[in-house]
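Chain letters run A, B, ... following the sequence lines, proteins first, then strands; residues in each count from 1.
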Amino acid sequence: MLSYILKRIGLLIPTLLGVITLVFFMISLSPGDPARVMLGERASAEQLEKLREDLGLDRPLHQQYFSYLSRIVRLDFGKSITTGRPVIEEIGQLFPATMELAFFAMLLASGLGIIIGVVSATKRNTPLDYASMIGALFGVSMPVFWLGLVLIMIFSVGLDLLPTGGRMNIRLYMETFTNFYIIDALIALFRKGDITYLGSALKHLILPAAALGTIPLAIIARTTRSSMLEVLKQDYIKTARAAGIPEGKIIFRYALKNALLPIITVIGIQFGLLLSGAILTETIFAWPGIGKWIYHSISARDYPAVQGGIIIISTVFVVINLLVDILYSVVNPRVRLS
Amino acid sequence: MNDTLIVKDPTPFQEILHELSKNKAAVAGLIIIALFLLIGILAPLIAPKDPFAQEISLRKLPPFSPGYILGSDDLGRDMLSRLMYGARISMIIGVISVGIAMGSGLLIGVTAGYIGGWYDRIVMRLIDIMLAFPYILLTIVIVAVLGPSLFNAMVAIGVSQIPRYARLVRASVLAEKEADYVTAERSLGASPLSLMFLSILPNCLAPVSVQATLGVGEAILSSAALSFLGLGAQPPTPEWGLMIASSREFITNAWWIVTFPGLATLLAVLGFNLFGDGLRDVLDPKLRE
Amino acid sequence: MKKHDQTTTANLLEIQDLSVHFNTQRGVVKAVRDLSLTIKKEETLALVGESGCGKSVTAHSINGLIPVPPGIIEKGKIIFEGENLLQKTEKEMQHIRGVRISMIFQEPMTSLNPVFTIGRQIADVFLTHHDIPREEAFSRAVNLLDMVKIPSPETRAKSYPHQLSGGMRQRAMIAMALASPEPGLMIADEPTTALDVTIQAQILRLMVSLKKRVGMSLLLITHDMGVVAETADRVIVMYAGRKVEEADVYSLFDKPAHPYTLGLLNSLPSNRKYAGASRLEAIPGTVPDLLTINDGCPFANRCPRAGDICRSVFPGETPLTEHHSVWCHNHVR
Ligand SMILES: Nc1ncnc2c1ncn2[C@@H]1O[C@H](COP(=O)(O)OP(=O)(O)OP(=O)(O)O)[C@@H](O)[C@H]1O
Ligand SMILES: [Mg+2]
């Protein structure tokens, strides 16, 4: 088990090195002079020269590459061109917002998705099953950003129930410790007994989490259904029935625990994908996270920021996939004990 | 022997068509796809108005206004006509992106699986690295490098989808490579090229066709997303994602400008997903009785 | 012919005229047709026949495990301790399954849940039927594992199925079947088919001794005549969904009357004594398709003694002795 984990971590390093290399060369070899792009058409020759020197663009490519690598190993992604602050600092500040959004989107998606999938599988070929599966099909066919706009149109503009964007009512000033607003709001609740922060944070979270969670919800529901159907066909389910175990227990304990194995994998993959799906959702809901920041960095051609953001998101993605594989082997005794 | 008694087995292809015609999801999907294809092809003939013609006095007309069944947008252009041309663009995006992805993916997968050795290791390592990027992020990076345009968006989507075909085909090739018919043909002196592309490849096409169908839907969604972010189609192209993007400021007062392009995207992608699911059910022998 | 509509008290189980069909995409599969059988208290009845003849379907009908749809119980009664099980609700059946009737399946590899320890799975059966604390259920599970002669039962109870050998798993399955509070009938559906020959004998001996100890009846499903000879009191031979011969085990091996039974016995490797039909080593021909089967004798197309009538009419019962009947127009005398 331990050697399996170590082997997987060992495989991670060349992959990450590949990611960094690919990002570096793609950006370096892209047409156009980055300094010119960054500074605009009216920049003077000296300004351009200065920036090229700052970025090390005047040196040969392989030198640039190795110095880039050695800086990244020290988590030095350079300074953002638009703000002048170190990229890693900006990411550190924005990351909690994205994680919070992704976490709640995933919570919604896995909770609902598993319930819908299980119900569909046990009520196979009934109108309920058809309705859920058609719903799921719509879910995977929908442009997420459009769904976000429609949700805003209905719940913010039309019904005036929920805010259109942001993480918290701007008139509220909350002391932040973790930058996970739900946690910070809970701290505020315990320290001051004031629930308005928590209420506001949750209200701001609902729509973006729903929009971001829709595709994973649909995919998890479909996976759960097919996985459950597969498991319910197995002999050991027959054994449990023959032993008089009640049907509810058979489905939610005996079958679901087995069906969960492929579901865990899907949840992990979807969680990784959410981080990049957040680029769209955060842009629509003015959610101050990494996604929105990368979007703006791309528009502003802020190369150090783009490079840093992409490498960080890809790293998180790869690490999450690794964690999922490990979790999978922990849940599955056949792998755990071998 | 009595010749009249010999009944020809239906070819597998005919059998698949027959099974498909019994699969409700596949039929529904096919109808939707056909509808969008038809609209796309005939757009210049059937669109009631010029999709680019602005009519400043007739801006933001609600649906069912005379001459504007689906209303007009913020520049007074006919929504219906723009949506019809949008169908044309989306179909082209789907075909070109998937064409790029499938063409390169097949080539990479077949050669990697057949040749093996260090070539296989290097190529599959590269594919693994591509897979280390979340899909939509990879398309964004590629467009960011190539520069925003509709064509570059198609390239980016195509390239991002290569890994799935490469892996799928490589796995099938590895499974087929040692099959008896391949060994037989090899011993008869068939060239590696003809073995790879004429003998082995056709046997891997079932899963590839499912992937391609689903891939078209995904390509349409991705291009809409890229255009929405300003990285794909540029104004005034009537691309659905771009139409949604430029309508953002009107969600308070002109719901139709936001709603219809999204619905069109949803329906088109739904068609490909339905058909792809149906195709998978039919082609996957495990699910068949 | 006389039909018994009343169960005598000596009969634990009585199946009357059971027919079970499956609606499949290709048509209706008539898996079991007009089957009747009885099992007396503490008796072992063997149900034999080759693969696909409807043995498992019969067994599953008894404890209500036929999936509906695609299955339907066309007609018949299954009377267990005087009550027709086919009229019971799912809820009522849960007080019979695992309580009075328990079941052991063919595939020890796949019949235990891979993600729970075997101790936990057996304990769950106790917990379902008794109001006892979890630890108590677990220690009872350990006792049962001891009873089925699993070495070091405390540690084994904490093992997952994949950590046990096939024979051990089958023992665990038997222990699970014994976890029912008042076992009346144990149905063993080919309990030894998937095991090594040496292990087979051990498992059979274990089952027979436990059956005596607990005082229950056993419905033993098999296609192995050797197993029948060793364990059964009475035998029913099935072919393509029909009962073709019924006898006490001595009469059946001594004077098989149905040509199919004869063939079955002849295919036993150690048996060449049924010389009356020495040509029938392995029975030539194939089992008819249950989709297109007609009302004649299903064995007619393979039967060396078949006449015209066999192809159109299924024969009625021919009693040979008090304990021996055959359903055949031209049975072996
Ligand atoms: N769920 C089902 N759907 C359709 N047909 C079924 C189903 N279950 C059983 N059958 C059919 O019923 C017939 C009898 O099957 P059954 O499992 O009882 O055979 P068996 O005698 O137990 O054979 P084996 O020795 O292989 O276990 C078979 O032809 C089988 O195809
Ligand atoms: Mg069976």
Is any side-chain heavy atom of [X] less than 4.5 Å from a side-chain heavy atom of [Y]?
X: A/L22; Y: B/F133; answer: yes
X: B/T259; Y: A/M153; answer: yes
X: B/R248; Y: A/T283; answer: yes
X: B/I140; Y: A/I298; answer: yes

Checking B/I220 against chain A: side chain, backbone, both or neither under 4.5 Å from a heavy atom?
neither
Residue part contacting chain B, namely of [X], when any heavy atom lies under 4.5 Å:
X: A/L11; value: both
X: A/V140; value: both
X: A/I310; value: both
X: A/F138; value: both
X: A/I152; value: side chain

Select, from A/L273, A/L149, A/V150, the one with the greatest count of heavy-atom pairs under 4.5 Å involving chain B.
A/L149
Winner by heavy-atom pair count (cut-off under 4.5 Å) against chain A, out of B/L231, B/V143, B/L138, B/L229:
B/L229
Whether A/W146 side chain and B/I244 backbone form a donor-acceptor pair below 3.5 Å
no
Within 6.0 angstrom of B/F151 CZ, more than 12 heavy atoms from elsewhere:
no
